[in-house]
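Note that ligands are numbered from 1 as they come in the structure, with each ligand's atoms numbered from 1 the same way. We're numbering straight along the sequence, starting at 1.
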Amino acid sequence: MDAFVIRGGRPLVGQFRVNGAKNAALPLMAAALLTDQPVTLRDVPDLSDVRNMRTLLAELGCETQDPPTQFTPPPGRPSPPRTLTLRTTVGTPVHARYELVRTMRASVCVLGPLLARRGRARVAMPGGCAIGDRPIDLHLRGLAALGASVELDAGDAVLTAPRGPGGERRLVGARVYLGGRFGSTVLGTANVMAAATLARGRTLIECAACEPEIADLARLLTAMGARIDGAGTPRIVVDGVDRLGGADLTLVPDRIEAGTIMAAAAITGGRVTLTNCPIDALLAFTDILTAAGVTVEEEPGADLMRATCVVSRDTPLRPAHVTTQPHPGFPTDLQAQTMALLALARGNSVITERVFPQRFLHVAELTRMGARLDHEGPSVVVSGVDRLVGAPVMASDLRASAGLVLAGLAAQGETTVRRVYHLDRGYERLDAALASLGADIRRVRDGQPAAPPAVGDFAPVAAGA
Ligand code: EPZ
């Protein structure tokens, strides 16, 4: 298992290009199941989650080609934007197996496209994960509203579309309220919106997720011939069509990767220029950065979803109060990184997690590094300290790992972050990217230096591996 060894105290300086969004790539790849025409996605990040989705889609009859990488950039250099072309050639498999779904909960986003295009879908219930229970009751409720029958069988959700007047199995448009006790559901919205594109009649989704990745999925579906209004707002209207075609789309930049690099610049007191930065989707986060004394300067430009901005800090960090909420609220996926940052503020901060109330596995590890954190229910009081001290720590999930890396960048001495396979799920060679900004960080495997995964290392594993 790989680990990162970090010697803290070096301000990050330089330029970073934000990659395409992981949380757009996964549902947009799944959308290729809705058509037998080619779907081309550009700026797809080279991540293990993308590899896992390729494997799952291959089992479902959707093959992915990517042009052989013309070159492997030297470590730290940004890899070339990646283009994937997906094409569904076999339309019969309908089972997303537990062995694959348990490795990546986002596999659930094949449910809506499978059901809509093939009339049936069998998807393993994802179960829980490090950040908490991950139910899909809202997904199932939404698809049942479109007429699907839902049965549970041996841990799988088995959904069947109703038969139409001509005997074909086809979903029927309906009004769907998709809110749960934690608000909207991102992948639930993706599933119901994708399924509604091929339903008979109109679907209205109330309390839809407003995340930019949902708007990106709607952009792709519309380019494929779907009729969708309101994506990115809490109310989405879909008028079903009989079939969808192919499309070619460049993914929205990854706002969570961007926020993580911004926090890295802030916690080290550096100055980093981010390009291809979706600053317009990060206003709740940059609001907190500014309150904490971080400078965020946008360079004038037309597209605020692909902007250039400079993040720096030359004053002591100030405390802040953070509450995570569905977009456009403060993103839960930047909570751990912000906790690491505020651990060094002069004063007390309060961080409250309203999306995944158990998403605090990073608290104990940050405490090992000298952070003063009092966890009480859905909140943590962060009493700022003058310094963090490097220590061996254990990554538990993707974003908690990022928080530990940020703490290591600022800590005195050496930090070893173990189980960084969590990071490789959602960050493209984060070690090389941080090193290119001046961080003293190296990847080790069984105690020996290891190169970052080269471009394309995340080729699809053999199905069933
Ligand atoms: C997406 O997960 C993201 N993943 C997550 O990012 C992100 O943290 C989350 O949205 C919230 O923004 C992808 O897009 C691949 P939800 P998703 O359904 O869709 C509850 C990362 O680090 N809920 O919006 O699975 C749920 O338990 C990952 O990149 C139900 O109760 O999250 C949670 O409390 C982690 N029933 C809340 O809603 C349901 O049927 C929000 O979950 C579905 C969800």
_N-O pairing of Arg235 and Asp229 below 4.0 Å_ = no
Any Lys/Arg nitrogen of Arg175 or Glu206 sitting under 4.0 Å from an Asp/Glu carboxylate oxygen of the other?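 Salt bridge flag = no for Glu206 with Arg175.
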Under 4.0 Å from ligand 1, residues with heavy atoms, in chain and number order, are Lys22, Asn23, Arg105, Ala106, Ile131, Asp133, Arg134, Pro135, Ile136, Asp137, Leu138, His139, Phe182, Ser184, Thr185, Val186, Leu187, Thr332, Asp333, Val355, Phe356, Arg359, Leu398, Arg399
For residues 251-258, which side-chain donor-acceptor pairs fall under 3.5 Å, sequence neighbours excluded?
from: Asp254; atom 1: OD1; to: Ile256; atom 2: N; distance (Å): 2.9
from: Asp254; atom 1: OD1; to: Glu257; atom 2: N; distance (Å): 3.0
from: Asp254; atom 1: OD2; to: Lys22; atom 2: N; distance (Å): 3.1
from: Arg255; atom 1: NE; to: Glu213; atom 2: OE1; distance (Å): 3.3
from: Arg255; atom 1: NE; to: Glu213; atom 2: OE2; distance (Å): 2.9
from: Arg255; atom 1: NH2; to: Glu213; atom 2: OE1; distance (Å): 3.0
from: Glu257; atom 1: OE1; to: Asn19; atom 2: N; distance (Å): 2.7
from: Glu257; atom 1: OE2; to: Asn19; atom 2: ND2; distance (Å): 2.9

Salt bridge (charged side-chain N to carboxylate O under 4.0 Å, His left out) test vs Glu428 passes for just one of Arg82, Arg17, Arg51, namely Arg82
Sorted by chain and number, sequence neighbours left out, ring pair (Phe, Tyr, Trp, His ring centres under 6.0 Å) with Phe360 holds for His375
side-chain contact (heavy atoms from CB on, under 4.5 Å) partners of Ala407, counting only residues at least two apart: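 side-chain contact (heavy atoms from CB on, under 4.5 Å) check on Ala407 returns Ala340, Leu366, Met369, Leu388.
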